[in-house]
2 protein chains.
Amino acid sequence: MPSSRKPRAAPDAPKVGFNPLYMQVRDMLVQRMAHGVWGPGDALPSEQELAKELGVSQGTVRKALDDLTDRNLVVRRQGRGTFVAEHDEARILFRFLKIAPDDGAPVFPVSRILSAERRRASAEECARLELERDADVIHVRRIRLLGGRPVISETVTLPARSFPGLAEGEIPNNLYGLYAAEFGVTIAKAIERIKAVVLAPEEAALLEVAPGHPALHIDRLALSLEGTPVELRVSLCVTDLCHYRSELH
Amino acid sequence: MPSSRKPRAAPDAPKVGFNPLYMQVRDMLVQRMAHGVWGPGDALPSEQELAKELGVSQGTVRKALDDLTDRNLVVRRQGRGTFVAEHDEARILFRFLKIAPDDGAPVFPVSRILSAERRRASAEECARLELERDADVIHVRRIRLLGGRPVISETVTLPARSFPGLAEGEIPNNLYGLYAAEFGVTIAKAIERIKAVVLAPEEAALLEVAPGHPALHIDRLALSLEGTPVELRVSLCVTDLCHYRSELH
DNA sequence: TAGTGGTCTAGACCACTTC
DNA sequence: AAGTGGTCTAGACCACTAG
């Protein structure tokens with residue numbers, strides 16, 4: 001490891017800026033994942049190997065990996081190994097898909113793309129995505145269907161720089177899987193603000209309900225592994241047959 | 001500990017039903033907290049003491065306590081000790097209060113009690129709270145204000161059996177603190193279902209908006225330490241100046 | 001200074017997967 | 001049988017709090 005410490009050597013100076021070894025190990029592993037040394041689905045070296053390479057004990061590596069497991073960045077399988085988390089598994093349904101049908105289990109909504117285009121970022125977009133004044137963004141608009149009925153109207157805003165060519169290519173249902181596979185961007189967490197609104201005529205038409213129908217207005221900011229904001233997403237969701245799921249721990 | 005295992009004794013039979021020691025320790029500690037051996041705010045014995053008492057290593061006790069920390073059941077303070085979590089701290093603001101003003105930090109909403117009465121549980125209430133057919137429940141209705149304006153209309157339903165006399169006494173702002181202090185019931189987690197609705201005239205009047213105004217309809221089921229459902233809460237929330245906060249990890 | 005939780009190490013064995 | 005993660009132990013020292 002970069003910083004100091006053999007089991008019991010001469011007392012190494014720093015009393016302040018104390019940073020536990022396992023956190024350094026953890027951050028270093030995150031760096032490597034973020035920089036594509038290990039991509040989604042890849043196996044990490046075993047605990048023993050990492051410990052040897054970094055000159056720390058296996059227990060310290062374990063603690064770092066347990067931390068990453070808690071953050072859903074890696075998946076550990078007894079007897080097999082430790083793997084970088086993927087975003088195309090059933091797990092994502094419970095992580096980033098909060099809308100579920102009132103009866104029955106969550107289903108991945110089918111998407112119908114309305115448009116995908118590049119344009120100059122607005123002042124607000126610049127601020128929230130931490131972009132320079134004159135940066136470009138990609139706007140993706142789509143309708144999502146649950147059980148055959150249009151339920152969510154979504155507007156996704158992305159920094160054009162980080163997702164070159166996205167607007168021109170095929171846009172799959174699972175965006176976070178695409179971000180990871182094609183652009184090396186892993187979504188680690190997101191923050192949502194939810195309000196209740198009534199639908200304007202245009203939106204109501206898209207969702208096939210009457211104007212003035214109530215809907216959830218969900219404003220999401222998604223962050224990458226490093227904590228950089230990488231996606232802005234505004235959803236309008238009609239909740240006649242579904243709901244937003246939230247667990248408080 | 002009840003079940004088996006000294007470091008390396010004669011090979012004790014069970015290969016199946018394998019349950020790690022630290023989980024047994026953890027469950028035993030939860031039992032004691034649930035049964036009031038240690039109440040909210042109390043200090044637990046130190047790791048050393050617990051390890052000695054239970055005949056396991058300190059590391060195993062630590063792992064059990066770390067698990068309880070993750071579940072917000074205990075709070076550990078370096079140099080001081082381990083304490084049973086309380087529900088009247090600022091922490092609760094981020095745990096169970098998901099409504100925040102659009103600008104500025106979350107504030108604890110002031111409450112105005114409308115009614116508190118005991119009645120026979122409906123069929124649905126029986127089902128969701130896992131009560132017998134003819135059980136009684138307590139209904140508390142209140143309005144909650146944010147920045148002086150009425151924002152949330154709340155209906156709380158409790159099993160009368162678990163909260164004797166609650167309807168007759170003083171009802172404070174912080175209900176979960178009351179449950180813990182007066183009735184020995186600790187809320188450990190909750191599940192919410194959120195929909196968008198438009199307000200009927202009566203509710204609109206209470207919240208001082210026009211009928212037809214959009215609002216969040218939040219349906220919460222709160223569970224105790226043991227996982228028993230203990231509170232049903234339906235909130236109608238006007239989101240003109242505030243929003244529902246949700247973090248996706 | 002004593003006691004607590006927090007970190008780190010070293011080594012053992014267990015359970016699971018794969019060959 | 002070999003290799004991986006999972007559990008458990010034992011003992012050391014560090015950082016923080018309180019008397």
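Lettering follows sequence order; numbering is per chain, from 1.
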Would you mind reading off the distance between [X] atom [atom1] and [N] atom [atom2], rounded to a whole angstrom?
| X | N | atom1 | atom2 | value |
| --- | --- | --- | --- | --- |
| Leu21(B) | dC13(C) | CG | P | 17 Å |
| Lys52(A) | dT9(C) | NZ | P | 16 Å |
| Asn19(A) | dC8(C) | CG | C1' | 14 Å |

Would you tabulate the nitrogen or oxygen pairs shorter than 3.5 Å linking the protein to nucleotides 2-6 of chain D?
| unit_1 | atom_1 | unit_2 | atom_2 | d |
| --- | --- | --- | --- | --- |
| dG3(D) | N2 | Gly79(A) | O | 3.1 |
| dT4(D) | O2 | Gly79(A) | N | 3.1 |
| dG5(D) | OP1 | Thr82(A) | OG1 | 3.1 |
| dG5(D) | OP2 | Glu47(A) | N | 3.0 |
| dG5(D) | N2 | Gln78(A) | NE2 | 3.1 |
| dG6(D) | OP2 | Arg62(A) | NH1 | 3.3 |
| dG6(D) | OP2 | Arg76(A) | NH1 | 3.0 |
| dG6(D) | O4' | Gln78(A) | NE2 | 2.9 |
| dG6(D) | N7 | Arg62(A) | NH2 | 2.8 |

| message | Which helical stems does DNA chain D take part in, if a stem means at least 3 consecutive Watson-Crick or G-U pairs with both distances below 3.5 Å? | response | C:1-18 with D:1-18
Just list the side-chain donor-acceptor pairs under 3.5 Å for residues 25-34 of chain B, sequence neighbours left out, or say none.
| unit_1 | atom_1 | unit_2 | atom_2 | d |
| --- | --- | --- | --- | --- |
| Arg26(B) | NH1 | Asp67(B) | OD2 | 2.8 |
| Arg32(B) | NH1 | Glu53(B) | OE2 | 3.4 |
| Arg32(B) | NH2 | Glu53(B) | OE2 | 2.7 |

| Residue-phosphate contact under 4.0 Å: Thr60(A) side-chain N/O, dT7(C) OP1/OP2 | no
| message | For a side chain to side chain donor-acceptor pair (under 3.5 Å) check, start with the C-alpha distance between Ser224(B) and Glu226(B), then their side-chain angles and the critical distance, and finish with the verdict. | response | CA-CA 5 Å; Ser224(B) 72; Glu226(B) 297 98 328; 3.2 Å; yes
| How would you list, by chain and number, every residue that makes a salt bridge (Lys or Arg N to Asp or Glu O under 4.0 Å) with Glu154(A), sequence neighbours excluded? | Arg142(A), Arg144(A), Arg233(A)
| field | Any residue meeting salt bridge (Lys or Arg N to Asp or Glu O under 4.0 Å) with Asp219(A), in chain and number order, not counting sequence neighbours | value | Arg128(A)
| said: Any donor-acceptor pair under 3.5 Å linking the side-chain atoms of Glu192(A) with those of Tyr244(A)? | reply: yes
| Is the backbone N or O of Phe96(B) less than 3.5 Å from a side-chain atom of Arg220(B), with the two atoms forming a donor-acceptor pair by type? | yes
| With distance as the sole test, does Thr69(B) use its side chain to make a donor-acceptor pair with the main-chain N or O of Leu65(B) at under 3.5 Å? | yes
| note | Across all chains, not counting sequence neighbours, the ring pair (Phe, Tyr, Trp, His ring centres under 6.0 Å) partners of Phe83(A) are none
